[in-house]
Amino acid sequence: MCKGKDVFILRIAILTTMTPLRPLLLCALSAFTTLAVQAQEPAKQPPPAEDKKEDKEKKEDDKADKADKKSSTEHSVTIGGQKIDYTATAGTLALKDATGKTTADIFYISYTKKGASDAAARPLTFSFNGGPGSSSVWMHMGLLGPKRVKLRDDGFALPPPYQLVENEFSLLDETDLVFIDPVGTGYSRAAKPEDAKNFYGLNEDAKSIGEFIRLYISKHSRWPSPKFLIGESYGTTRAAALSGELMRSHRLNLNGIMLVSTVLNFQTIWGGEGNDLPNLLYLPSFTAAAWYHKKLSPELLKKPLTEVLAESEAFASGDYNRALLMGAGLPAAERTKIVKRMAQLTGLSEAFVDGSNLRVPLHRFNAELLRDKRLVTGRFDSRYTNYVRDPLSESAESDPSADAVFSAYASTFYHYVRNELSFEDDRPYHILASVGKWNWDAENQFADVSEVLSESMTANPFLKVHVSNGYFDMATPYFASRYTFNHLRVHPDLLKNITHSDYTAGHMMYLNLPDLKKQKDDLSKFIRSASNR
């Protein structure tokens with residue numbers, strides 16, 4: 001093959017040759033030179049498959065470990081006649097594993113009062129809702145935050161488009177607030193979608209939220225602050241589990257826990273063969289719904305709700321309890337009396353009660369109570385009703401109390417977070433997410449975190465608990481909550497640390513304006529007391 005020197009001499013010869021073929025000879029020489037050079041260069045080998053994999057993983061890690069995203073804006077709100085200036089921050093906080101790689105980004109919205117004389121010592125409350133699979137939007141924009149969704153004063157829906165109004169009953173005058181969306185809800189996501197399942201479980205969820213709380217407190221220098229949790233529905237389960245997780249993993253003792261529409265022991269609300277407890281504990285809630293919709297006798301309708309409920313509680317704890325305990329051994333004459341009394345207290349017909357074998361599931365009660373009007377009653381709040389398409393349906397076709405407010409909360413949040421909090425994210429905000437199979441850590445038994453709460457109260461005897469119950473709540477009935485706390489395994493001296501407040505609405509009692517005012521007062525007093533102020 002020609003070397004570099006030979007090519008040079010050949011090129012000179014062609015240039016000095018007077019021939020019409022000179023241009024063609026030069027082109028041929030150029031092409032030949034290129035091929036010769038390429039032939040002398042070592043061949044480039046494709047990178048090994050392992051290198052490609054490492055490059056891909058590095059890019060994914062770099063992307064996952066990006067800086068936390070957040071936006072802070074300044075606002076003011078008037079609460080109790082006092083103007084409160086505050087900073088609102090909407091953002092994400094990364095959870096990381098032992099190697100420093102991001103496992104999930106948790107979305108949150110915080111509100112901190114400006115001008116506090118000792119900001120580090122100001123109470124700090126972490127809020128979340130339930131599900132599992134619910135974002136934090138409900139208590140955020142219904143009870144605690146500086147803005148709330150505008151509804152009728154009784155909590156019933158208004159037609160769209162929906163509005164936000166200033167929440168003059170916000171708790172921001174008493175405590176700074178942090179609203180947390182667990183992984184899979186809101187804008188919170190696992191770093192890798194296939195790893196989201198690692199956060200979907202009672203203990204897994206508590207661990208991730210506990211780590212978020214630790215990080216938030218550390219990053220914002222809030223360890224000196226009195227610390228509170230407030231959860232609603234499954235959020236009460238989460239709060240009880242968190243009390244143990246924070247104490248064990250981070251040596252963090254709470255000042256107080258606020259439980260809104262409580263379920264700690266799922267045996268109290270999940271019925272089925274072999275578990276009659278929910279039948280007893282739901283009965284007073286059936287009575288409340290029947291009283292509200294005027295399906296009880298004139299004699300009972302003349303009485304205040306609390307008196308009627310007292311009668312229902314006594315029957316549930318006494319004769320009805322004994323009847324279910326005896327089962328098929330219940331004498332016929334006694335069964336007839338139970339059927340009649342149960343019909344009187346539920347607004348259902350004696351034939352329906354008898355045909356249900358004294359056990360009326362919630363979905364059938366909601367479908368049956370107002371069947372003559374072709375209406376179904378609500379699960380979250382039995383005061384709500386809606387039309388049914390199938391007048392013979394054995395189950396409630398929908399939950400009118402959910403249908404009434406879900407869109408209002410979703411629509412107003414989307415506008416609020418982008419236009420007032422300046423946080424932009426084009427992904428869907430999962431108001432309610434399907435989180436798939438949830439690990440209850442309860443094989444052959446019902447999930448029960450009441451034991452965790454009792455351990456936390458025993459280890460930290462300064463821990464106080466406030467319980468909010470709605471009479472018309474069919475999701476977590478108030479009598480089931482009473483049962484749970486009446487069976488809490490704590491020293492009698494610690495029972496004084498538990499306070500209960502009852503409200504005349506349902507699961508989200510704060511949608512009802514009179515209840516919102518009362519709950520504001522109840523929770524304010526609780527926070528002051530538990531903060532030793």
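Other residues, nucleotides and ligands contribute more than 12 heavy atoms inside 6.0 Å of the NZ atom of Lys496. In this structure, Lys70 places its NZ atom where only 12 or fewer heavy-atom neighbours from other residues, nucleotides or ligands lie under 6.0 Å away. More than 12 non-hydrogen atoms from other residues, nucleotides or ligands lie less than 6.0 angstrom from NZ of Lys197.
Here the side chain of Asn469 pairs no donor or acceptor atom with the backbone of Tyr503 at under 3.5 angstrom. With hydrogens and angles ignored, the 3.5 Å screen pairs no side-chain donor or acceptor of Arg379 with any backbone N or O of Leu362. Side chain of Thr175 to main chain of Pro123: a donor-acceptor pair is present (N/O by atom type, distance under 3.5 Å, no hydrogens or angles). In terms of modelled atom types and a separation under 3.5 Å, the side chain of Asn439 and the main chain of Asp441 share a donor-acceptor contact. Although no hydrogens or angles enter the test, the distance criterion places a donor-acceptor pair under 3.5 Å between the side chain of Arg251 and the main chain of Met247. Side-chain atoms of Thr412 come within 3.5 Å of backbone N or O of Tyr409 as a donor-acceptor pair. The backbone N or O of Ala94 lies less than 3.5 Å from a partner atom in the side chain of Asp68, making a donor-acceptor pair. Although no hydrogens or angles enter the test, the distance criterion places no donor-acceptor pair under 3.5 Å between the side chain of Asp502 and the main chain of Tyr471. Judged purely by atom type and a 3.5 angstrom limit, His140 has no side-chain atom pairing as donor or acceptor with the backbone of Ser136. In this structure, Ser454 contributes its side chain and Glu451 its backbone to a donor-acceptor pair below 3.5 Å.
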Could you please spell out the steps behind the side-chain hydrogen bond (donor to acceptor under 3.5 Å, both in side chains) verdict for Ser501 and Gln519? CA-CA 8 Å; Ser501 296; Gln519 200 166 18; over 6 Å; no
side-chain contact (heavy atoms from CB on, under 4.5 Å) between Tyr282 and Thr287, worked out: CA-CA 9 Å; Tyr282 262 98; Thr287 300; over 6 Å; no
Test His507 against Ser233 for side-chain hydrogen bond (donor to acceptor under 3.5 Å, both in side chains), laying out the working first. CA-CA 8 Å; His507 199 65; Ser233 194; 3.1 Å; yes
Run Ile498 and Leu488 through side-chain contact (heavy atoms from CB on, under 4.5 Å) and show every step you take. CA-CA 11 Å; Ile498 303 172; Leu488 200 64; 3.8 Å; yes
Applying side-chain hydrogen bond (donor to acceptor under 3.5 Å, both in side chains), run through Glu232 and Tyr510 and close with a yes or a no. CA-CA 11 Å; Glu232 178 180 293; Tyr510 45 81; 2.7 Å; yes
Show, in sequence, the C-alpha distance, side-chain angles and deciding distance for Arg214 and Glu211, and conclude whether the salt bridge (charged side-chain N to carboxylate O under 4.0 Å, His left out) test is met. CA-CA 5 Å; Arg214 182 195 70 82; Glu211 176 63 5; 2.7 Å; yes
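Separating the OG atom in Ser225 from the CG atom in Leu124 is a distance of 5.5 Å, to the nearest 0.5 Å. Rounding to the nearest 0.5 Å places CG of Leu254 at 8.0 Å from CG of Leu242. Note that CG of Asn497 and CZ of Phe462 are 9.5 Å apart. Values are rounded to the nearest 0.5 Å. Between the CD1 atom of Ile217 and the NZ atom of Lys219 there is a distance of 13.0 Å, given to the nearest 0.5 Å. Remark: Leu453 CG to Asn265 CG distance equals 12.5 Å, nearest 0.5 Å. To the nearest 0.5 Å, atom OH of residue Tyr234 and atom OG1 of residue Thr262 are 14.0 Å apart.
With Met258 as the partner, the side-chain contact (heavy atoms from CB on, under 4.5 Å) test is satisfied by one option alone out of Lys464, His466, Met139: His466. Just one of Arg148, Lys520, Lys83 meets the salt bridge (Lys or Arg N to Asp or Glu O under 4.0 Å) condition when paired with Glu168; it is Arg148.
Classified by interplanar angle (parallel below 30°, tilted 30° to 60°, perpendicular above 60°), the ring pair Tyr86/Tyr111 is perpendicular.
We find that Asp522 and Lys518 are joined by a salt bridge, their nearest charged nitrogen and carboxylate oxygen being less than 4.0 Å apart. With respect to the salt-bridge test (charged N to carboxylate O, under 4.0 angstrom), the residues Asp105 and Arg189 do not qualify. The existence of a salt bridge linking Lys517 and Asp153 is excluded, since no basic side-chain nitrogen approaches an acidic carboxylate oxygen closer than 4.0 Å. Salt-bridge annotation for Arg238 and Asp205: present, with a side-chain N of the basic residue lying under 4.0 Å from a carboxylate O of the acidic one. Look at Asp276 and Arg359 and you find a salt bridge, because one of the NZ, NE, NH1 or NH2 atoms lies within 4.0 Å of a carboxylate O, short of that distance. Contact check on Arg528 versus Glu174 returns a salt bridge, with a Lys/Arg side-chain nitrogen under 4.0 Å from an Asp/Glu carboxylate oxygen.
For the residue pair Ser317 and Phe479, the shortest heavy atom distance occurs at OG-CZ, 3.6 Å. Nearest heavy-atom pair, Leu358 versus Leu330, reported as atom, atom and distance to 0.1 Å: CD1-CD2, 4.3 Å. Closest non-hydrogen pair, Arg122 versus Asp173, comes out as NH1-O, 3.7 Å. Taking each heavy atom of Ile79 and Asn167 in turn, the nearest pair found is CG1-O, 4.2 Å. For Pro461 against Thr458, the heavy-atom pair with the smallest separation is CD-O, 3.8 Å. Across every non-hydrogen atom of Ala240 and Val449, the tightest pair is CB-CG2, 3.6 Å.
A donor-acceptor pair shorter than 3.5 Å cannot be found between the side chains of Gln267 and Tyr483. Of the N and O atoms on the side chains of Asp473 and Thr476, at least one donor lies less than 3.5 Å from an acceptor on the other residue. For the residue pair Thr377 / Ser382, no side-chain donor-acceptor distance below 3.5 Å is found, with atom types taken as modelled. Judged by distance alone, the side chains of Ser243 and Ser456 do bring a donor and an acceptor atom under 3.5 Å apart. With no hydrogens or angles considered, no side-chain donor-acceptor pair links Ser135 and Thr185 at under 3.5 Å.
In this structure, Phe413 has its ring center at least 6.0 angstrom away from the ring center of Trp138. Between Phe228 and Phe126, the ring centre distance reaches or exceeds 6.0 Å. Remark: aromatic rings of Phe423 and Phe107 are close, center separation under 6.0 Å. Proximity of the aromatic rings of Phe266 and Trp438 is defined here by a centroid distance below 6.0 angstrom, and this criterion is not met. Tyr108 and Phe179 have their aromatic ring centers separated by at least 6.0 angstrom. Ring-centre distance between His500 and Phe485: below the 6.0 Å cut-off.
Residues Asp154 and Leu513 form no side-chain contact, since every pair of their non-hydrogen atoms from C-beta on lies 4.5 Å or further apart.
Within the cation-pi definition used here (under 6.0 Å to the ring centroid, within 45° of the axis), Arg222 does not qualify as a partner of Tyr216.
Applying the side chain to side chain donor-acceptor pair (under 3.5 Å) test to Asn255 and every residue at least two apart in sequence or in another chain returns nothing. Scanning for salt bridge (Lys or Arg N to Asp or Glu O under 4.0 Å) contacts around Lys525 gives an empty result, with sequence neighbours left out.
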